[in-house]
Amino acid sequence: MATRLLRTNFIRRPYRFSALKPVGPPTVTASTAVVPDILSFGQQEPEPPLHHPKPNEAHHDIDLSDQARLFSSMPTSDLLRSTAVLHAAAIGPMVDVGSWVMSSKLMDTALTRGMVLGLVKSTFYDHFCAGEDAAAAAERVRSVYEASGLKGMLVYGVEHADDAATCDDNMHHFLRTIEAAKSLPTSHFSSVVVKITAICPISLLKRVSDLLRWEYKSQNFKLSWKLKSFPVFSDSSPLYHTNSEPEPLTAEEERELEAAHVRIQEICRRCQESNVPLLVDAEDTILQPAIDYMAYSSAIIFNTDKDRPIIYNTIQAYLRDAGERLHLAVREAEREGVPMGFKLVRGAYMSSEATLADSLGHKSPVHDTIQNTHACYNDCMTFLMEKASNGSGFGVVLATHNADSGRLASRKASELNINKKDGKIEFAQLYGMSDALSFGLKRAGFNVSKYMPYGPVETAIPYLLRRAYENRGMMATGANDRQLMRMELKRRLIAGIA
């Protein structure tokens, strides 16, 4: 079995260890990432001050200024633990030490390995993850919904696979995830998530992506094995990964690709039978063409309900070609009469994208500034909301930690008279992060989900390190949450003393 687990197999040393002075956040590539693409974005900027809606906008805006109302469903013990974990994750040297420990020889000794994993499990793991197996994750979804009304978005936190046996094993884990979702009331969960990298070998995804790029470059180049799909490239898409005509797939590779299609289609079929939406996560651009191809070809087969899609693909707005590719895919889906779902994220692989592009003598495919990424995200969001509002069968998951995007979406929903409860449009944030935004959107009447990974502690370590790097420092995305939590703890303490 080739699933990556402990020590350097699941964390490449992203920086030199010298007096704990990091040279940057971890470089996460397709071969190391268990991290979801849902929100992460490497560039940081100061968060805007807490927003107080004006009287004339309060009816269609989200209010993140009243921490007592926002955190009213959170027991003080949970609030205290969340505050402590998020503050710890915001301390740069602590994150650096943790990363070093996880990639050190300390993990080779049973005693120290057990102590480290035990500490991680009781703190960061319990805060950011839903449990070690599908049953535990389902119970966490139930408890979160009953306490707060936030839904669960279940994902088996596997990293990736390199061989058929591991792919088959991962497929069965994803099928168990669907069964766990089915065991819950439909009001408690929104969807399950699959990573194509876990059910198709990485090497094959690279080969397929190369061949798809060359087909786009050369109109005379045909792929006999290709299934019907939607466009996965636009005129501005990065094609520098493939500079010469690739060798055709071997007979063995074609069999492996067919097996991968069987796995994803079995997962899609089970979701369709169970009426459980399936979200396909995104990866680096070196792999993404093959992932888009498999997601769209599956959607064409299984999105047969004209009112609601089952299969959702992911659009990463930090890529400069994101808007064009989205419009092309939507246009083709409409032409074919196929309902389509989209999960909109900013992106998670900025560092690795820049490094690869530079090594090949090309500009990064990521927007030059975070402001451009925000603009692309908001443009795509507006476009998808308009499509979903006109009864065309489109579904949208707006995965964001950005409060401004949340406010813009809330206003757009009012402008379009969108039914907030029909499931066509919903929001999502990572479990353990941006709770204030989640609660604010929920109070505004939207369906809101938490992306809840589960699995053994060992497999969750890269995911946890990513969350820690996102939270570190006062400029990190969790600064407003930490501020609001401190304010609420202080309020409760004063109220208790009084």
Novice: Roughly how far, to the nearest 0.5 Å, is CZ of Arg492 from OG1 of Thr76?
Specialist: 4.0 Å

Novice: Which atom pair, heavy atoms only, marks the closest approach of Cys167 to Cys200?
Specialist: SG-N, 3.6 Å

Novice: Who passes side chain to side chain contact (heavy atoms under 4.5 Å, CB included) against Pro277, sequence neighbours left out?
Specialist: Ser191, Arg308, Tyr312

Novice: For side-chain contact (heavy atoms from CB on, under 4.5 Å), just list the numbers for Ile264 and Cys268, CA-CA rounded to whole Å, side-chain angles, deciding distance to a tenth of an Å, and then say yes or no.
Specialist: CA-CA 6 Å; Ile264 185 61; Cys268 292; 4.1 Å; yes

Novice: Check whether the ring centres of Tyr293 and His261 lie less than 6.0 Å apart, and answer yes or no.
Specialist: yes

Novice: Between Ser237 and Asp321, is there a side-chain donor-acceptor contact under 3.5 Å, judged purely by atom types and distance?
Specialist: yes

Novice: Do Ile425 and Lys420 come close enough that some side-chain heavy atom pair is under 4.5 Å?
Specialist: no

Novice: Between Ser297 and Ser229, what is the shortest heavy-atom contact and its length?
Specialist: N-OG, 3.9 Å

Novice: Kindly indicate, with the supporting measurements, whether the criterion side-chain contact (heavy atoms from CB on, under 4.5 Å) is fulfilled by Val330 and Lys387.
Specialist: CA-CA 9 Å; Val330 167; Lys387 289 294 180 183; 3.9 Å; yes

Novice: Is the closest side-chain donor-acceptor distance between Thr285 and Glu353 under 3.5 Å?
Specialist: yes

Novice: With no hydrogens and no angle check, just 3.5 Å: does a side-chain donor-acceptor pair link Ser434 and Gln429?
Specialist: no

Novice: Counting N and O atoms only, with roles assigned by atom type, does the side chain of Asn402 sit under 3.5 Å from a partner on the main chain of Ser405, one being a donor and the other an acceptor?
Specialist: yes

Novice: Is it true that Lys412 and Glu415 make a salt bridge, defined as a side-chain N closer than 4.0 Å to a carboxylate O?
Specialist: yes

Novice: Do the side chain of Ser72 and the main chain of Arg69 share a donor and acceptor less than 3.5 angstrom apart?
Specialist: yes

Novice: Decide side-chain contact (heavy atoms from CB on, under 4.5 Å) for Arg270 and Glu179; before the verdict, give the C-alpha distance in whole Å, the side-chain angles of both, and the deciding distance to 0.1 Å.
Specialist: CA-CA 9 Å; Arg270 194 73 62 86; Glu179 292 303 311; 3.6 Å; yes

Novice: Could you check if a side-chain atom of Phe230 sits within less than 4.5 angstrom of a side-chain atom of Asn313, using non-hydrogen atoms only?
Specialist: no

Novice: Can you confirm if the aromatic rings of Tyr431 and Tyr451 lie within a centre distance of less than 6.0 Å?
Specialist: no

Novice: If you round to the nearest 0.5 Å, how far is CE of Met171 from CZ of Arg176?
Specialist: 10.0 Å

Novice: For Tyr318 and His367, I'd like to know if the aromatic rings sit close, meaning centre-to-centre distance below 6.0 Å.
Specialist: no

Novice: Taking the side chain as C-beta and beyond, is there a heavy-atom pair between Ile315 and Phe342 under 4.5 Å?
Specialist: yes

Novice: Go through the side-chain N and O atoms of Glu132 and Tyr454 and say whether any donor and acceptor fall under 3.5 Å apart.
Specialist: no

Novice: I'd like to check Leu437 versus Ile62 (side-chain heavy atoms, cut-off strictly below 4.5 Å). Are they in contact?
Specialist: yes

Novice: Looking at Arg269 and Glu273, is any side-chain nitrogen of the basic one under 4.0 Å from a carboxylate oxygen of the acidic one?
Specialist: no

Novice: Does a side chain donor of either Thr373 or Arg346 reach within less than 3.5 Å of an acceptor in the other side chain?
Specialist: no

Novice: Treating Ser82 as the side-chain partner and Leu79 as the backbone partner, does any N or O pair qualify as donor plus acceptor under 3.5 Å?
Specialist: no

Novice: Looking at Leu154 and Ala180, what are the two nearest heavy atoms and their distance?
Specialist: CD1-CB, 4.4 Å

Novice: Supply the atom-to-atom distance Ser209 OG to Asp292 CG, rounded to the nearest 0.5 angstrom.
Specialist: 8.5 Å

Novice: Within the side chain of His188, is there an N or O that forms a donor-acceptor pair under 3.5 Å with the backbone of Tyr145?
Specialist: no

Novice: Please report the closest heavy-atom contact between Ala138 and Leu184, naming both atoms and the distance.
Specialist: O-CD2, 3.4 Å

Novice: As an exercise, state the distance from OH of Tyr377 to OG1 of Thr382, rounded to the nearest 0.5 Å.
Specialist: 10.5 Å

Novice: Measuring from Met340:CE to Leu326:CG, what's the distance to the nearest 0.5 Å?
Specialist: 10.0 Å

Novice: Does the side chain of Asp305 come within less than 4.5 Å of Gln272's, by heavy atoms?
Specialist: no

Novice: So, the side chain of Thr177 versus the backbone of His173: is there a donor-acceptor pair under 3.5 Å, distance only?
Specialist: yes

Novice: Would the distance check show the side chain of Asp281 and the main-chain N or O of Val194 forming a donor-acceptor pair, the cut-off being under 3.5 Å?
Specialist: no

Novice: Taking Tyr156 for the side chain and His172 for the main chain, is one N or O donor matched with an acceptor at less than 3.5 Å?
Specialist: no

Novice: Just wondering, do Met452 and Val144 contact through their side chains at under 4.5 Å, heavy atoms?
Specialist: yes

Novice: Walk me through whether Leu150 and Phe439 qualify under side-chain contact (heavy atoms from CB on, under 4.5 Å).
Specialist: CA-CA 8 Å; Leu150 300 177; Phe439 293 144; 3.5 Å; yes

Novice: With no hydrogens and no angle check, do the side chains of Glu426 and Ser449 hold a donor and an acceptor under 3.5 Å apart?
Specialist: yes

Novice: Please examine the side chains of Val366 and Gln316, heavy atoms only from C-beta on, and report whether any two atoms are closer than 4.5 Å.
Specialist: no

Novice: Please confirm whether the backbone N or O of Asp435 pairs with a side-chain atom of Asp481, one donor and one acceptor, at under 3.5 Å?
Specialist: yes

Novice: Identify the two heavy atoms, one from Ala290 and one from Leu205, that lie closest to each other, and give their separation to 0.1 Å.
Specialist: CB-O, 3.5 Å

Novice: I'd like to know if the side chain of His401 reaches the main chain of Leu430, judged simply by a donor and an acceptor atom lying under 3.5 Å from each other, with no hydrogens or angles considered.
Specialist: yes

Novice: Rounded at 0.5 Å granularity, tell me how far CG in Leu227 sits from CD1 in Ile300.
Specialist: 9.0 Å

Novice: Could you tell me whether Arg331 and Glu334 make a salt bridge, using a distance below 4.0 angstrom between a side-chain N and a carboxylate O?
Specialist: no

Novice: Compare all side-chain heavy atoms of Ser438 with those of Lys450 and state whether any distance is below 4.5 angstrom.
Specialist: yes

Novice: Flag the pair Asp63 and Arg443 as a salt bridge only when some basic side-chain nitrogen lies within less than 4.0 angstrom of an acidic carboxylate oxygen.
Specialist: no

Novice: State whether the side chain of Lys151 and the backbone N or O of Thr186 hold a donor-acceptor pair below 3.5 Å, judged by distance alone.
Specialist: no

Novice: Is it true that the side chains of Ser148 and Lys442 contain a donor and an acceptor less than 3.5 Å apart?
Specialist: no

